[in-house]
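Every chain is numbered from 1, with letters handed out A, B, ... down the list of sequences. What's counted below: heavy atoms across the whole structure, side chains too, no hydrogens, waters or symmetry copies.
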Amino acid sequence: MLKEIRWHGRGGQGSFTGAKLLGTAASLHDGRFAQAFPSFGPERRGAPVLGFNRISDNPITDRSEISLCDFIIFLDDTLWNERYYDDLKKEALILINTADSSLANERIRTIDATGLALDVLGLPIANTAMLGALAALSGETVTREALVEALKSSLKPSVLEKNLILLEKAYERF
Amino acid sequence: MLKEIRWHGRGGQGSFTGAKLLGTAASLHDGRFAQAFPSFGPERRGAPVLGFNRISDNPITDRSEISLCDFIIFLDDTLWNERYYDDLKKEALILINTADSSLANERIRTIDATGLALDVLGLPIANTAMLGALAALSGETVTREALVEALKSSLKPSVLEKNLILLEKAYERF
Amino acid sequence: MKDFKMSPRPLWKSLSDVPMGSSCSSFHICDTNAAWRVFRPVMDYSLCIGCHQCYLLCPDGAIHKEDAKVFRIDYDFCKGCGICANQCKPGAISMVKEDQV
Amino acid sequence: MKDFKMSPRPLWKSLSDVPMGSSCSSFHICDTNAAWRVFRPVMDYSLCIGCHQCYLLCPDGAIHKEDAKVFRIDYDFCKGCGICANQCKPGAISMVKEDQV
Amino acid sequence: MSEFAFLNGNEAVAWGVRLSRPHVIAAYPITPQTKAVEKLSSFVQNGEMDCKYLHVESEHSAMACSIGSSSVGARTFTATSSQGLLYMSEGLPYASGARLPIVMMNANRSIATPWNIYGDQMDAMHVLNSGWVQLFVEDAQEALDMVIQSFKLAENHDILTPVMINVDGFVLTHTYEKVEIPGQELVDSFLPAIEKAPHLMNDQDPMSLCISAGNQHYMEFKIKQHRDMFKVFEQLESIDRDFEKSFGRSHGGAAAGYRNEDADVILVTTGSVTGTARVVVDSLREQGIKAGLVKLRLLRPFPSDDLFELIGKAGAVGILDKNISFGFEGTVYTNVNSSLLQKGYRGRTFNFIAGLGGRDITKENIEEMFSALLEQKGETVQYFNMGCAL
Amino acid sequence: MSEFAFLNGNEAVAWGVRLSRPHVIAAYPITPQTKAVEKLSSFVQNGEMDCKYLHVESEHSAMACSIGSSSVGARTFTATSSQGLLYMSEGLPYASGARLPIVMMNANRSIATPWNIYGDQMDAMHVLNSGWVQLFVEDAQEALDMVIQSFKLAENHDILTPVMINVDGFVLTHTYEKVEIPGQELVDSFLPAIEKAPHLMNDQDPMSLCISAGNQHYMEFKIKQHRDMFKVFEQLESIDRDFEKSFGRSHGGAAAGYRNEDADVILVTTGSVTGTARVVVDSLREQGIKAGLVKLRLLRPFPSDDLFELIGKAGAVGILDKNISFGFEGTVYTNVNSSLLQKGYRGRTFNFIAGLGGRDITKENIEEMFSALLEQKGETVQYFNMGCAL
Amino acid sequence: MIKKLNARNIDAKECFYGHKACGGCGESLALRLALKVLGEEAYLSLPAGCMAAVSFIYPNMAFKNNAVITPFASTAAVATGIAAGLEALGKEAPLSVGFAGDGGTADIGIQSLSGAIDRGEKFIYICTDNEAYMNTGIQKSGLTPFGAATTTTPAGKAIHGCVTEKKNMFEIAAAHGISYAATASIGYPEDFLNKVQKAKECDGPAYIHIYTPCPTGWGHGSEITVDLAKEVVDTGLWFLAEYENGEFRLNKKPENFKPVADHLKRQARFRHLSEIEITQIEEMRDRKWEKMLKNWG
Amino acid sequence: MIKKLNARNIDAKECFYGHKACGGCGESLALRLALKVLGEEAYLSLPAGCMAAVSFIYPNMAFKNNAVITPFASTAAVATGIAAGLEALGKEAPLSVGFAGDGGTADIGIQSLSGAIDRGEKFIYICTDNEAYMNTGIQKSGLTPFGAATTTTPAGKAIHGCVTEKKNMFEIAAAHGISYAATASIGYPEDFLNKVQKAKECDGPAYIHIYTPCPTGWGHGSEITVDLAKEVVDTGLWFLAEYENGEFRLNKKPENFKPVADHLKRQARFRHLSEIEITQIEEMRDRKWEKMLKNWG
Ligand SMILES: Cc1ncc(C[n+]2csc(CCOP(=O)(O)OP(=O)(O)O)c2C)c(N)n1
Ligand SMILES: Cc1ncc(C[n+]2csc(CCOP(=O)(O)OP(=O)(O)O)c2C)c(N)n1
Ligand code: SF4
Ligand code: SF4
Ligand code: SF4
Ligand code: SF4
Ligand code: SF4
Ligand code: SF4
Ligand SMILES: [Mg+2]
Ligand SMILES: [Mg+2]
């Protein structure tokens with residue numbers, strides 16, 4: 001069962017790190033298959049950028065771009081736009097990092113990931129929290145346990161502990 | 001009627017200038033068709049080199065190397081070697097610049113072109129004399145008149161007069 | 001002094017609409033950079049002494065000199081780098097988080 | 001001091017005889033340069049003072065130092081440039097037309 | 001001990017290189033190859049690789065340094081892409097003529113102008129005549145493995161030919177997937193230290209290299225090189241068999257089929273797009289359509305025999321080209337056609353130009369290609385996913 | 001006033017350039033192109049040409065300077081060969097993508113290593129994908145005339161594509177023959193001053209050139225360029241017709257036949273070897289053998305239609321390649337085969353590799369080629385005038 | 001005499017606008033300032049590099065001028081080709097200007113630059129030095145300073161950043177006997193403006209080497225780009241000088257230098273440096289100044 | 001201290017023999033002499049140029065050493081690649097030497113040379129300067145002197161030979177902060193031998209620029225090649241100098257110069273020069289010396 005995910009962030013914000021962690025978790029720790037790939041343009045730090053994931057139980061050979069998604073994740077609410085509804089598969093969800101929970105609706109879940117991150121890490125780095133939220137929304141896409149392993153294998157010890165807490169907190173929001 | 005000619009000289013000796021003059025004479029002043037082309041190697045000034053001519057009443061499109069010749073011209077007797085007999089067509093001739101007239105035989109004509117040139121030009125430049133000899137041996141290949149025109153159009157005025165005399169003298173040797 | 005027209009993004013119906021070569025008119029600008037900004041420089045004109053430094057040093061040229069005294073920020077193209085604020089000695093420019101303006 | 005062997009010109013029967021790559025043994029010398037010469041340097045040993053200049057300055061290295069006093073010209077490789085004769089202060093080397101030796 | 005990691009194609013290549021223990025790396029950065037050389041630099045700066053890393057000032061010098069180090073028998077790696085490949089292109093036939101077993105990654109990217117950093121295969125096609133083995137890989141694992149295999153291939157004394165590993169820019173170089181990193185001991189026993197070829201420089205019997213050969217000799221040098229290149233087919237297969245024995249994975253020879261045996265129509269692909277095409281073939285098969293694939297892993301030497309065998313009796317063959325030779329057609333198409341004509345193939349062939357400058361090649365595009373083949377309809381050369389009419 | 005002179009191919013090119021009144025020449029010397037640039041320098045130093053001559057420090061810069069000067073609308077000429085062509089090869093697709101009407105002479109020469117200064121056509125084949133019009137000439141007169149025609153072709157606002165005139169090294173560049181040098185007035189009226197194309201730099205409406213185009217735009221730029229290139233066929237013919245009107249000489253279009261109409265067997269040639277082949281065809285015809293020739297004057301754009309028409313019903317076609325793509329076959333052969341397969345040609349084709357590194361191509365060699373065709377015997381790819389067995 | 005330029009009297013018009021450089025990019029500031037002096041009539045050549053990458057993204061063209069991206073190795077060749085073309089077409093006093101990064105200048109572009117200077121024709125070359133290949137992701141160039149971490153010279157366990165020193169591009173340009181050469185920094189913008197003016201006025205080729213911090217590549221806050229560019233001069237790690245009529249001149253001879261360590265520590269690329277390494281850097285600086293003061297003093 | 005080399009104590013063995021250079025070729029003498037010092041263990045890299053062309057003509061190989069022809073632009077890159085390869089293979093103190101002509105050095109090869117010096121690894125680069133592209137038939141290079149007629153700068157009616165001056169390769173190499181650089185002439189052979197020795201001993205990259213007349217290209221008798229190479233130093237048109245530990249040194253400061261006109265007139269390439277032009281050449285020389293004496297004195 002194939003899940004396709006798109007991340008929206010700004011250059012330098014770490015959206016692709018999120019996609020990499022997700023892929024690592026799914027493929028190395030959930031025993032599944034995953035791709036993670038960035039979009040990449042000549043625009044610089046600060047410009048809007050995209051990241052992508054495919055996660056599946058079977059080997060993934062498809063190399064085309066992802067157009068319709070199971071999840072679209074926004075690391076920043078200013079990036080969200082109504083036209084992105086068109087890019088959703090049936091039953092797909094949008095996950096937005098925002099303090100403004102009024103954005104939430106049938107297709108949209110919100111979480112104040114930056115707020116959480118500031119609380120826990122003291123830094124406005126939202127991606128770990130977004131991963132926790134994703135795991136909560138769809139264990140089929142990635143399990144919390146795999147994300148924990150992925151964080152352990154990818155992060156520097158100095159920041160690991162707090163990120164694990166952050167992951168947990170975000171996970172519990174849903 | 002196609003004539004194929006090969007010149008043997010040493011790099012810097014002017015053998016290819018001879019071939020060019022011959023081609024100029026035949027094509028521009030005898031109303032015929034001619035090619036002149038050098039052999040060209042990485043060896044330097046002083047090393048033995050070759051020059052070639054094709055002369056014909058018809059346009060020449062053949063671009064292959066010349067192997068069998070109607071004339072082989074040696075600007076220097078040290079370059080002459082018996083094995084060159086093999087490169088002659090039937091009825092073809094060899095023309096050698098040498099003071100040693102004992103080299104002459106059925107297939108070989110000799111002329112002391114350097115001696116003549118020293119007399120007339122005061123310089124050991126043999127090619128004009130060789131052209132004169134060639135015209136004498138085969139007006140069919142090139143006419144004396146055409147050579148005179150070629151010299152006129154190719155040489156600096158300062159050396160022209162003497163070269164015309166040299167051409168004449170060599171022509172008269174045969 | 002703003003010196004270009006915002007051009008509409010070109011639409012190609014067929015290859016004949018595609019530019020010849022790999023050329024494009026200079027100063028053909030279709031997209032703003034506003035979305036890049038997290039912080040926004042806000043000028044307090046009452047503090048400005050007209051020293052020209054913000055105008056001189058903005059890498060995006062987004063501070064336009066209207067006359068020798070009045071400098072205006074083009075928020076379509078300011079990226080919020082903070083150089084102007086940092087260089088402004090009298091502190092006439094402050095950087096404000098975008099969602100707090 | 002002559003330091004190479006004259007090698008025979010290689011003969012290729014098939015592609016397997018053709019060298020691998022574009023390589024050849026170094027100092028593989030098949031052809032002499034004697035035919036290039038018009039003048040030949042001739043040494044008068046009685047005039048030689050052993051100054052080493054001819055040996056030092058021959059671009060072809062064709063003057064071999066047999067010992068500190070005896071210099072020998074390798075006529076297989078001398079091109080007759082005349083530098084040795086020109087540089088020999090005591091005039092121990094003279095250039096002679098090839099067909100006059 | 002092997003281990004698994006989530007790597008992109010560039011990193012996978014860097015790991016393949018690290019495990020191959022080269023003596024010298026000389027490279028110049030260019031998108032999308034950079035992450036490979038960055039990873040290698042970090043291995044070196046961290047003391048994890050014992051290797052001379054030359055920070056050269058250009059690609060022309062990257063290749064020239066590689067020529068130098070390979071000339072003395074050092075195992076040598078370099079990597080480039082696009083403009084860099086063209087800028088070093090004088091060095092390519094230079095190295096292959098000298099029979100230097102250099103291995104290079106080329107991160108396939110489009111060619112300027114217009115400038116564009118995305119992946120197509122125009123760069124590789126520009127240097128198809130350069131005497132290098134040209135290999136195309138499909139995923140990150142294959143990229144890693146083929147670096148190791150390529151050193152073995154290039155250094156084989158019957159081959160002694162440089163190898164270019166083409167890795168699709170972004171689509172492979174920047175996509176992360178699970179990759180098995182083989183243990184160093186395993187690699188060491190599969191790929192022993194380089195055995196210096198006798199035609200290279202050495203202290204015992206000094207050699208002159210990259211000599212000149214006049215019109216009496218040059219042609220034989222070149223025909224020898226040409227004929228030796230065909231030995232790659234057999235060696236590659238045998239290396240891959242050995243590889244399978246050591247590592248439990250294999251990647252095949254010069255060309256590989258996918259559901260091709262009974263196929264009515266076949267699409268010929270190179271590189272990563274093959275994976276997308278597999279998905280489409282599977283879904284067409286589910287619809288009962290006999291579609292198949294042939295993937296060319298080598299473009300030089302060109303595997304005419306394998307290709308013809310794999311295509312078999314398919315009624316139409318489409319060649320997907322991520323490149324175009326202006327004023328003609330896609331270059332893989334030209335090559336395949338020539339080969340098929342010689343084999344007496346009588347079906348129709350189509351050329352599908354797609355993916356230039358990183359234009360997405362969708363599954364729908366590939367379905368369209370198959371339907372063009374099935375219905376034998378449309379122009380011989382067709383363009384896909386264009387944003388406007390022709 | 002026209003006049004006759006005894007010139008070699010290089011000098012003929014130089015005269016063609018002089019008469020075309022370029023604004024800028026940027027070139028770097030390399031055998032066998034040198035005499036052309038020397039002649040041009042001497043025209044300039046003697047005040048016989050009014051033109052900026054840039055003594056650049058390399059071929060890469062020769063092309064880059066040409067790109068610069070052509071970008072502002074100056075008529076621009078350059079010349080190179082072999083290693084120089086490869087060294088500038090990054091600039092070639094650069095210039096063609098920018099649609100700059102540069103004209104270049106390439107004195108065809110072999111490629112190192114081994115080093116070899118003699119003529120074959122390996123250099124031109126290396127850059128066949130570069131988006132340049134690739135023209136091959138047969139003699140010095142054609143070389144001169146085609147320089148003039150090429151400027152007209154390149155600068156045509158429907159074409160705007162650089163042109164490479166291939167002149168066989170030594171065999172043409174160094175062979176003297178009688179050449180008619182047209183009068184300047186005649187040339188001036190045939191080839192008026194360059195009309196600046198609107199996409200180039202200008203003071204009225206400043207332009208940005210050689211821009212970048214992302215994956216949303218790049219492909220359309222390139223397909224446009226590709227499709228425009230096919231307009232060369234028609235333009236070349238029309239220019240040649242006009243040329244004939246002005247100068248009383250014509251050279252034909254993209255391909256030309258010789259005694260091909262009723263030929264049983266046909267040899268396909270490029271460049272100067274065509275002349276030698278004519279002699280052989282004539283003598284075979286005298287023996288009653290129906291041999292014919294097709295000369296390809298253009299390799300890019302590739303004249304598929306003309307070729308097929310000229311080959312007609314010949315039972316076997318041989319392609320003479322003065323180049324080889326290592327690990328495959330001669331490149332003209334590959335191109336011709338692809339084209340013939342698409343046209344449904346059903347005869348057999350042979351590839352005759354000859355003349356590499358200046359190896360002589362004798363009349364006997366060409367006779368052997370024809371007898372291979374007549375008897376349809378031997379390998380598909382054959383090598384000629386080899387000094388040893390395979 | 002030529003009028004001295006300053007923030008108040010420069011042209012208010014912008015010729016470089018809407019580009020996609022990172023916020024706080026030093027290079028883009030250098031270009032913008034230079035164009036204030038060069039004007040919209042100048043023909044611009046930029047090789048691959050950040051500035052080309054962010055200014056010609058179809059359909060967004062950031063230059064008002066005629067401008068072209070050149071092959072990476074070819075800034076000076078294209079620029080002189082343009083100059084030659086314009087001249088041959090009869091344009092009076094054409095102004096052709098190349099802008100290239102440190103990599104495009106000191107590494108892959110040095111041959112083309114050397115050749116162009118040697119030909120002696122008028123053109124201006126401005127090297128915007130951010131001490132690494134930024135466009136491709138912060139790799140070491142020939143102008144990366146000793147100690148700096150880049151993606152190809154990371155602060156590793158065995159090797160601790162970049163081991164080579166900056167190539168002396170200014171001196172190399174001067175050694176060509178160029179008509180005018182200068183160093184500058186965006187931390188001293190008015191000095192730079194006036195050097196561009198001199199380059200514009202001078203007869204033959206001119207070379208200006210300007211120091212342009214890069215927040216993304218150096219790891220500093222985008223707001224301190226200009227600060228750092230001033231500080232680097234004040235610490236003596238960079239210098240302001242000119243070469244004119246065959247003579248060198250130092251424009252600024254500091255009495256004493258600001259502390260190096262503080263300056264370095266504001267940049268992530270130097271944060272790994274040990275005290276010993278910082279001392280090494282100071283020693284290199286002192287040797288350089290000793291030489292400069294002796295020879296150009 | 002290192003033993004001073006002279007004609008008597010150099011190695012009697014020849015490592016360069018049977019080459020096909022013109023009789024009296026200055027470059028070949030420079031190579032032969034250098035190899036007397038470098039020895040047969042040195043690995044040689046030569047780009048396209050006369051020396052490569054006359055020494056590797058299959059089947060005649062003129063070097064005793066391991067040797068390779070490099071792409072024309074790549075002498076230094078190949079040489080440093082060789083050095084790196086040998087070092088990585090564990091060879092102790094490998095000696096890698098590049099020999100390139102003036103064109104191969106100052107024009108097409110300058111980038112590769114600059115990069116190699118910048119990398120700082122040990123190798124020796126010897127530029128044999130015959131002031132034109134000889135191998136291809138005497139075209140102008142960046143080191144062709146003012147006034148010289150070449151086939152691309154003939155003495156024409158409008159332009160009278162070469163209009164540019166020689167590029168200062170020695171100063172350019174020095175500006176790189178190279179470990180050792182020197183100028184030499186085959187007219188002062190023992191000076192050259194000892195400079196090669198110094199280059200061999202030094203730790204980092206070394207550059208030697210040697211003046212090597214070419215009878216074919218300059219149009220002089222083959223017997224006076226060495227004479228001219230001495231005379232050019234004595235007229236002050238060439239100079240003997242070194243750059244070591246960051247300092248320049250003139251090895252020979254002439255009291256007064258031999259007359260330039262006589263020297264020039266012995267070479268066909270200068271025979272067209274007017275008196276005014278010869279005076280111009282003298283003035284250039286004097287300016288150069290003034291600068292050298294002032295700065296390196
Ligand atoms: C021949 C070639 N090689 C490599 C590249 C890749 N490339 C493009 S820009 C760049 C780095 C530019 O660095 P620099 O000149 O310092 O400019 P910056 O980006 O720092 O402004 C590189 C390596 C290229 N475009 N062309
Ligand atoms: C890329 C490239 N361009 C041009 C050439 C042609 N070429 C070979 S040698 C040479 C001139 C060499 O001149 P120089 O370096 O001064 O050496 P010299 O022959 O004078 O010894 C030229 C132009 C080449 N081989 N490669
Ligand atoms: S820097 Fe501050 S004081 Fe100066 S002009 Fe700008 S806003 Fe005014
Ligand atoms: S914040 Fe930066 S971009 Fe915005 S106006 Fe200030 S200096 Fe300019
Ligand atoms: S004549 Fe010339 S080549 Fe012969 S020995 Fe004397 S110096 Fe050497
Ligand atoms: S130069 Fe003359 S004196 Fe000196 S060693 Fe030679 S022959 Fe003897
Ligand atoms: S990476 Fe650096 S140089 Fe490039 S645009 Fe960003 S700040 Fe400017
Ligand atoms: S042309 Fe000059 S440099 Fe070349 S081999 Fe002859 S003398 Fe020597
Ligand atoms: Mg930079
Ligand atoms: Mg030279």
Side-chain angles (χ1 to χ4, degrees), chain D residues 1-40 52 54-67 71-84 98, chain E residues 66-68 70-73 76 90-102 130-132 154-162 195-231:
Chain D
M1 207 170 91
K2 219 160 164 173
D3 202 31
F4 66 93
K5 303 189 286 301
M6 280 292 282
S7 318
R9 288 185 81 85
L11 271 180
W12 297 338
K13 289 218 179 97
S14 77
L15 285 183
S16 55
D17 299 329
V18 175
M20 174 60 77
S22 32
S23 297
C24 182
S25 281
S26 288
F27 247 20
H28 181 273
I29 300 182
C30 308
D31 302 321
T32 66
N33 298 335
W36 296 36
R37 203 168 46 235
V38 179
F39 292 90
R40 166 191 294 245
H52 282 67
C54 57
Y55 152 75
L56 181 68
L57 295 171
C58 171
D60 290 81
I63 302 187
H64 300 294
K65 176 177 174 179
E66 301 203 338
D67 61 43
F71 298 89
R72 242 179 250 298
I73 298 176
D74 178 349
Y75 288 112
D76 279 350
F77 289 95
C78 161
K79 292 179 188 140
C81 70
I83 288 180
C84 53
E98 269 299 322
Chain E
S66 301
I67 288 170
S70 188
S71 289
V72 298
T76 304
E90 187 193 4
L92 301 179
Y94 210 91
S96 66
R99 307 297 291 270
L100 300 175
I102 301 164
S130 64
W132 284 55
E155 293 167 6
N156 180 296
H157 282 201
D158 288 333
I159 306 284
L160 286 169
T161 294
E195 196 187 318
K196 194 194 278 191
H199 74 295
L200 300 181
M201 294 184 174
N202 66 87
D203 288 330
Q204 292 69 50
D205 176 20
M207 297 295 291
S208 294
L209 265 59
C210 301
I211 62 173
S212 67
N215 49 13
Q216 299 307 311
H217 297 112
Y218 178 87
M219 188 160 174
E220 286 72 22
F221 277 90
K222 291 321 244 183
I223 299 300
K224 181 187 179 97
Q225 179 187 347
H226 171 60
R227 305 274 294 202
D228 282 356
M229 215 161 158
F230 291 110
K231 299 176 185 165

**Prompt:** What's the spacing between D:Met20 CE and E:Leu200 CG if we round to 0.5 Å?
**Reply:** 10.0 Å
**Message:** Between D:Ser26 and E:Ser208 (side chain of the first, backbone of the second, donor and acceptor by atom type, cut-off under 3.5 Å), is there such a pair?
**Reply:** yes
**Message:** What part of E:Ile223 gets within 4.5 angstrom of chain D, counting heavy atoms only: side chain, backbone, both, or neither?
**Reply:** both
**Request:** With a 4.5 angstrom heavy-atom cut-off, could you sort out which part of E:His157 is near chain D: side chain, backbone, both or neither?
**Result:** backbone
**Message:** Working to the nearest 0.5 angstrom, can you tell me the gap between D:Ser22 OG and E:Leu209 CG?
**Reply:** 6.5 Å
**Prompt:** For the candidates E:Gln225, E:Met201, E:His217, E:Arg227, which exhibits the highest count of non-hydrogen atom pairs separated by less than 4.5 Å from chain D?
**Reply:** E:His217
**Request:** Drop me the distance from D:Ser23's OG to E:Leu100's CG, to the nearest 0.5 angstrom.
**Result:** 8.0 Å
**Asked** Hey, mind stepping through E:Met207 and D:Cys24 against side chain to side chain contact (heavy atoms under 4.5 Å, CB included) and telling me if it holds?
**Response** CA-CA 6 Å; E:Met207 297 295 291; D:Cys24 182; 5.7 Å; no
**Message:** Testing the basics here: between E:Glu220 and D:Leu15, what is the closest heavy-atom pair and its distance to 0.1 Å?
**Reply:** O-CD2, 3.6 Å
**Prompt:** Does the side chain of E:Phe221 reach to within under 4.5 Å of the side chain of D:Pro19, using non-hydrogen atoms?
**Reply:** yes
**Prompt:** What part of E:Ala213 is in contact with chain D, defined as an atom under 4.5 angstrom from a non-hydrogen atom: side chain, backbone, both or neither?
**Reply:** neither
